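Heads up, the thing below is written out as structure tokens.
Fair warning: this is a prediction, and the values are worked out from it, not measured in the lab. First the proteins, then the strands, lettered A, B, ... as listed; each starts at 1. All values below were derived from every heavy atom in this structure, side-chain atoms included, with hydrogens, water molecules and symmetry-related copies excluded.
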Amino acid sequence: MDLLKGLNKEQKEAVMHTEGPLLILAGAGSGKTRVLTHRIAYLIKEKNVNPGRILAITFTNKAANEMKERVEGILGETAKDMWISTFHSACVRILRRHIDRIGFKRNFVIYDSADQKTLIQDCMKEINVNERLYDPKAVLNAISRAKDELIEPDRYMKMNESDFRSRVMGEIYALYQKKLRLNNALDFDDILFYTIKLFIENNDVLQLFQNQFRYIMVDEYQDTNTAQYHLVSLLAQKHRNICVVGDDDQSIYLFRGANIRNILDFEKEFKDCRVIKLEQNYRSTQTILKAAYSVIRNNKERKDKKLWTQNIEGEKIKSFEGDNEHAEAVFVASEIKHLCSKGKNYRDFAVLYRMNAQSRVIEDTFIREGIPYKIVGGLRFYDRKEIKDVLAYLRVIQNPGDTISLKRIINTPRRGIGSTTLERAEEIASINEDSIYNVIRSSNLYPELQRASSKLDSFCNMIEEFTGMKDQIPVSELIGRVIEVSGLLSELEKEDTIEANSRIENIKELISVALEFEAQENSGGLEDFLAQISLVSDIDGFSDKEDSVVLMTLHSAKGLEFPVVFITGMEEGVFPSYRSVAYETQLEEERRLCYVGITRAKELLYLVNAKSRTLFGSTSFNLVSRFKEEVDSMLLEDANRTSSKGSVFTGGFAANGFIKQTKNEKPNFDFCEGDMVVHRKFGVGIIVSIEEVEDDFKVEIQFRKSGMKRLMAKYANLVKL
DNA sequence: TACGTCTCACTTTTT
DNA sequence: GTGAGACGTA
């Protein structure tokens, strides 16, 4: 197979330029994934490079897996030894082997943002910092930025000596790092930070990897931070075969510490660097590209460039203004239905919004209209309470020194070990410079723990029983034992509510995740399982295999494409977000986000806004988004006139009102299957089936939040929507 | 120690 | 509108 076939001149050049530094400026839809995959295949096939000597970094696991599959698709064989992964997974892999060189144990655990928050609160309590004066989130953010910039606590404090506030932050930072180390835990930023530290302090380890990675590629380079830049340049120092791909117009993570200078200054850093621009777009119609350009050209801080395409001009951009968010959602639903009747599939549509809170109304409308949909983002599976509980058990089993997890489970489910006991144990631990676990393990030594001693003992015995089996049985089985023995499962079963049942379902889902993990080749044990799942994101689970509309934030949509895209909430204060309008740089980032959104569309784009919107409990009347106003009016078509408003229900909830019903009234049964109803406790749902029983009806309802529920109509007090 | 009530805050978030 | 966390009471 000819690896260069079907590539344009620039793409070919990028594939064949294998030696020396290379910067690929790849516009949206210009085929950069194609270039990267062909480049890897070219290295292996044409240049006889051993796959193990290639390192390709992507930003999500999903992108990594796709790239792997595509390379294997081209080569027709598996090239397992390739390192195609995210920054974080690659670093974890390195650290698992060598982290003992910088004083951690190799069985370290990874703390997610919730763990980070708990830990930071602990730190603040310990040094008496008032949470009202120092918002834990802001402190965490400052620490995270510092780590991105490779600034350690002592340097942070020196840098900020004159500023009292920053000095306090520095103290918290120092304690936070100390506690992480005591827990043998790393947060996300540490994973990169300590890999770099490992390399800098251990030249032999650095050389090992410098030698191994002869060819390095980094995707989405515009979103890398300073730490990531350093990591890459350290690794690439020896062979200098570094290829980065990015687009400064699609940089949307500056707020998280991404450093745009990485891509803008790449040419300065690597003097002999070759620069290739991919400017031909293969994705979108001319109209969509023009619209995208008419928006992005308003940014001052950008290198001017313009994408072009040979694609058809295509349909005009559809503009719609609803009275409120309900009308907006109804419009989207009716357009989807209309287009589906003309041959489109549900999977051809994406509905994008600025923030997750906007998804609810759209969801409600889709349920009512029977449109299948899938949401990316929102509450992550691994952030659910029941999942976090189970995982906390596993983490303590893996690493009893992990006090954050220990504190989470020591009284969950309740076993009479309250906060008093815990506080005492914590104090002893801090005096003895020992872990809490070791303290409660030998609670009989401490008179202040005497009262809880037997409870503590049985807790520790349970944990140790698990520890004993962790290497004997697969993870899935271990989870089974944990939920059984700990009482987590029986607690939920006892509750016997819809919610509890759905929690049990989620735990079962976790067990199947573990089974999947075990099915992987050389999957490893508990430690690998925990590391793997702490590095997954929501988008990783998204696939377009099933036929449903996808709902997600504009951020999540990056890297994806859809035939039809709706961008909703095009209002000042929503998009651009109210927090960004006062700052030019933030506003420009919002505009790039808009550019990303527009360029997701292949054939048809809708820009939708509402005159009024209720968000966070208050209603506001917003102006049309400046981004929508920036789109050349020649490209727009007013869909308020042409829309296919047909049979679809067009009022808001308020317009219909809620009809009051009293409990013992005989149900006036004008309900039928498929009706949308509201229940006082369970919320909005849809009637799945109705069965007549004696003088009443048994109704089965799928509630949006609480799942499936069978109710007697007489008592259910259902209200039709 | 456990549970109920009150208050507040609330963008985006590849890992 | 909603959920998490703090705080106070039985």
Quick check on salt bridge (charged side-chain N to carboxylate O under 4.0 Å, His left out): which of A/Glu328, A/Glu572, A/Glu325 does A/Arg613 satisfy it with?
A/Glu328
Nearest-Å distance, CG (A/Asn622) to C1' (B/dT11)?
15 Å
Once the angle between the rings of A/Trp83 and A/Phe209 is folded into 0 to 90°, is it parallel (under 30°), tilted (30 to 60°) or perpendicular (over 60°)?
perpendicular
How is A/Phe87 classified with respect to the nucleic acid when contacts are heavy atoms under 4.0 Å: base, sugar-phosphate, or nothing?
nothing
Compare side-chain N and O positions of A/Ser556 against OP1 and OP2 of B/dT13 and report whether any pair is under 4.0 Å apart.
yes
Partners of A/Tyr173 by ring pair (Phe, Tyr, Trp, His ring centres under 6.0 Å), sequence neighbours excluded?
A/Tyr156
Is any side-chain N of the basic residue among A/Arg256 and A/Asp223 closer than 4.0 Å to the acidic one's carboxylate O?
no
Choose from B/dT13, B/dT11, C/dA6 the nucleotide whose nearest atom is closest to any side-chain atom of A/Gln121.
C/dA6
So, do A/Phe255 and B/dT12 meet the stacking rule of ring centres under 5.5 Å and planes under 30°?
yes
Would you mind telling me which residue lines up with the more 5' stretch of DNA chain B, A/Ile252 or A/Leu422, judged by nearest nucleotide?
A/Leu422
A/Gln250 atom CD is separated from B/dT14 atom P, nearest whole Å, by 17 Å
Run the salt bridge (Lys or Arg N to Asp or Glu O under 4.0 Å) test against A/Glu630 and tell me which residues pass, sequence neighbours left out.
A/Arg591
Which residues share a ring pair (Phe, Tyr, Trp, His ring centres under 6.0 Å) with A/Tyr134, sequence neighbours left out:
none
Short side-chain N/O contact from A/Asn356 to OP1 or OP2 of B/dT13, under 4.0 Å
yes
Assuming nearest nucleotide by heavy-atom distance, tell me which of A/Met355 and A/Thr86 is located more 5' along DNA chain B.
A/Met355
Please report, rounded to the nearest Å, how far the P atom of C/dT2 is from the CG atom of A/Leu615.
12 Å
Using atom CG of A/Asn225 as one end and atom P of B/dT13 as the other, report the distance to the nearest whole Å.
18 Å
Need one value for A/Thr553: base, sugar-phosphate or nothing, where a base atom within 4.0 Å counts as base even if backbone is also close, heavy atoms only.
sugar-phosphate
Nearest-nucleotide pick for A/Asp223, side chain only, options being B/dT11, C/dA6, B/dT14
B/dT14
Donor-acceptor pair (no angle test) under 3.5 Å: A/Arg354 side chain, B/dT12 base:
yes
Determine: side-chain N/O of A/Arg256 to OP1/OP2 of B/dT11, distance under 4.0 Å, yes or no.
no
With sequence neighbours left out, the residues meeting ring pair (Phe, Tyr, Trp, His ring centres under 6.0 Å) with A/Tyr221 are A/Phe266
Nucleotide by nucleotide, 5' to 3', does protein get under 4.0 Å of the base (B), only the sugar-phosphate (S), or neither (-) in nucleotides 3-10 of chain B, counting heavy atoms?
S------B
Could you state the atom-to-atom distance from CG of A/Leu254 to P of B/dT12 in whole Å?
17 Å
Which residues share a ring pair (Phe, Tyr, Trp, His ring centres under 6.0 Å) with A/Phe575, sequence neighbours left out:
A/Phe627
Considering only B/dT12, B/dT14, C/dG5, which nucleotide approaches the side chain of A/Lys117 most closely?
C/dG5
Rounded to whole Å, CD of A/Glu363 lies from P of C/dT2 at a distance of 12 Å
Please report, rounded to the nearest Å, how far the C1' atom of B/dT13 is from the CD atom of A/Gln116.
12 Å
For A/Glu589, answer base if it contacts any base atom (sugar-phosphate contacts may also be present), sugar-phosphate if it contacts only those atoms, and nothing otherwise; contact means non-hydrogen atoms under 4.0 Å.
nothing
A/Asn141 CG to B/dT12 P, straight-line distance once rounded to whole Å
14 Å
What nucleotide, of C/dT2, B/dT11, B/dT12, holds the atom closest to the side chain of A/His555?
B/dT12
